[in-house]
Amino acid sequence: MVAHSKEELVTVMTKEYAKLEKLIGDIDEKLALTPHPEDDITIKDTIAHRVHWNDLFFGWYADGLAGRPVHVPAKGYKWNQLKEYNAKVRQETADQSWDEAKAKLFEAHARLAKFIDERDDKQLYGPRKYDWQGKYPLGRWAESTGPSHYRSAAKYIRQIKKALAD
């Protein structure tokens with residue numbers, strides 16, 4: 001579901017975060033740090049990645065507000081270089097513990113929820129204000145940062161759990 005209003009965005013964000021939180025709630029550190037046999041990515045890596053992209057969103061927004069150049073997805077990277085960029089993110093968060101990754105996810109979610117709460121429908125779904133947004137309204141960017149990332153994280157975590165159980 002793609003949200004088209006603040007109310008829909010809050011609903012989908014609450015729903016997808018609750019699902020992710022429930023899924024990771026019973027995962028212990030050993031499982032969280034065990035790499036997927038096919039791609040060497042852990043559950044902790046998956047959560048840390050989502051937190052990082054939340055930070056990117058706030059960086060894009062702050063740079064746009066300040067009139068600075070906005071580097072989407074990140075300075076020195078294009079969308080077709082996400083595999084390399086995400087590997088760099090995993091390397092940067094490699095020393096993070098499972099508890100730290102979960103705490104950061106909670107903080108990132110709270111920050112995004114507050115950001116959405118402080119804006120109205122026009123600010124979230126009105127005409128785009130910054131070039132970095134492309135054709136999407138701010139609410140769609142917030143959705144891709146939160147609920148869409150929560151959904152994809154949950155799907156991938158279930159895949160990791162299944163692969164490790166086999």
Side-chain angles (χ1 to χ4, degrees), residues 1-61 71-117 124 134 136 138-166:
M1 169 187 146
V2 174
H4 298 287
S5 69
K6 177 179 176 174
E7 181 180 356
E8 289 176 2
L9 178 58
V10 169
T11 298
V12 72
M13 189 160 127
T14 302
K15 176 183 163 189
E16 296 301 336
Y17 183 74
K19 286 182 189 178
L20 179 59
E21 190 174 43
K22 182 178 179 184
L23 178 64
I24 66 173
D26 66 346
I27 294 175
D28 63 23
E29 185 155 13
K30 182 179 180 205
L31 177 58
L33 300 178
T34 303
H36 187 292
E38 293 179 19
D39 62 14
D40 213 31
I41 296 172
T42 68
I43 292 170
K44 191 270 304 179
D45 293 334
T46 304
I47 296 302
H49 172 269
R50 275 29 184 216
V51 171
H52 178 81
W53 278 82
N54 187 288
D55 291 342
L56 284 176
F57 169 75
F58 283 107
W60 300 331
Y61 184 76
H71 302 280
V72 178
K75 188 171 184 171
Y77 290 89
K78 296 179 182 170
W79 286 109
N80 64 356
Q81 297 173 303
L82 288 182
K83 188 174 184 174
E84 296 88 353
Y85 183 72
N86 290 334
K88 176 181 161 275
V89 172
R90 282 192 303 279
Q91 186 176 34
E92 290 172 355
T93 59
D95 292 336
Q96 202 175 80
S97 73
W98 176 229
D99 286 340
E100 185 180 0
K102 289 188 296 183
K104 286 181 179 266
L105 177 67
F106 176 80
E107 291 166 9
H109 173 73
R111 182 179 183 197
L112 185 60
K114 182 177 188 253
F115 177 86
I116 292 166
D117 185 55
L124 292 168
Y136 299 107
L138 188 60
R140 183 67 183 107
W141 283 91
E143 183 173 352
S144 68
T145 300
S148 294
H149 257 142
Y150 301 158
R151 190 178 312 115
S152 67
K155 180 179 176 183
Y156 189 71
I157 290 168
R158 286 190 294 273
Q159 289 174 1
I160 293 173
K161 287 176 76 171
K162 184 178 185 309
L164 295 175
D166 291 342

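Index from 1, following the sequence.
Heavy-atom minimum distance, Trp53 versus His149: CB-CE1, 3.4 Å. Taking all atoms of both residues into account, the shortest heavy-atom contact from Ser152 to Arg50 is OG-NH2, 2.7 Å. Across every non-hydrogen atom of Ala142 and Leu9, the tightest pair is CB-CD2, 4.3 Å. The shortest heavy-atom contact between Ala32 and Thr42 is O-CB, 3.2 Å. In terms of heavy-atom proximity, Asp45 sits nearest to Asp40 at OD2-O, 4.1 Å. Listed here is the closest heavy atom pair of Leu20 and Leu105: CD2-CD2, 3.9 Å.
A donor atom on one side chain and an acceptor atom on the other are not found under 3.5 Å apart for Tyr156 and His36.
Side-chain contact check for Arg151 versus Val12: some heavy-atom pair is nearer than 4.5 Å. Two residues are said to be in side-chain contact when any heavy atoms from C-beta on lie closer than 4.5 Å; Arg158 and Lys155 meet this criterion. A heavy-atom distance below 4.5 Å is found between the side chains of Ile24 and Lys102. Using a 4.5 Å heavy-atom cutoff, the side chains of Asn86 and Arg90 are in contact.
Atoms NE2 and CD, on His52 and Gln96 in that order, are 11.5 Å from each other to the nearest 0.5 Å. Separation of atoms CD1 (Ile116) and NZ (Lys6) is listed at 9.0 Å; rounding is to 0.5 Å. Note that NZ of Lys44 is 9.5 Å distant from OG1 of Thr46, once rounded to the nearest 0.5 Å. Remark: Asn54 CG to Tyr150 OH distance equals 6.0 Å, nearest 0.5 Å. Between atom OG1 of residue Thr145 and atom CZ of residue Arg111 there is a gap of 10.5 Å, rounded to the nearest 0.5 Å.
Remark: the backbone N or O of Ala74 is not paired with any side-chain donor or acceptor of Trp60 at under 3.5 angstrom. With hydrogens and angles ignored, the 3.5 Å screen pairs a side-chain donor or acceptor of Glu143 with a backbone N or O of Ala3. Listed for the Trp98 side chain is no donor-acceptor partner under 3.5 Å among the backbone atoms of Ile43. A donor-acceptor pair is defined here as one N or O able to donate and one able to accept, closer than 3.5 Å; no such pair exists between the side chain of Lys161 and the backbone of Ile27.
With respect to Lys88 and Glu92, a salt bridge is recorded, a charged nitrogen being found less than 4.0 Å from a carboxylate O. Under the 4.0 Å criterion applied to side-chain N and carboxylate O atoms, Lys114 and Asp117 are not assigned as salt-bridge partners.
Heavy-atom contacts from other residues, nucleotides or ligands closer than 6.0 Å to CG of Asp95 number 12 or fewer. Counting non-hydrogen atoms of other residues, nucleotides and ligands closer than 6.0 Å to NZ of Lys104 gives a total of 12 or fewer. Around the CZ atom of Phe58, the shell of radius 6.0 Å holds more than 12 heavy atoms that belong to other residues, nucleotides or ligands.
Ring geometry for Tyr17 versus His109: interplanar angle under 30°, hence parallel rather than tilted (30 to 60°).
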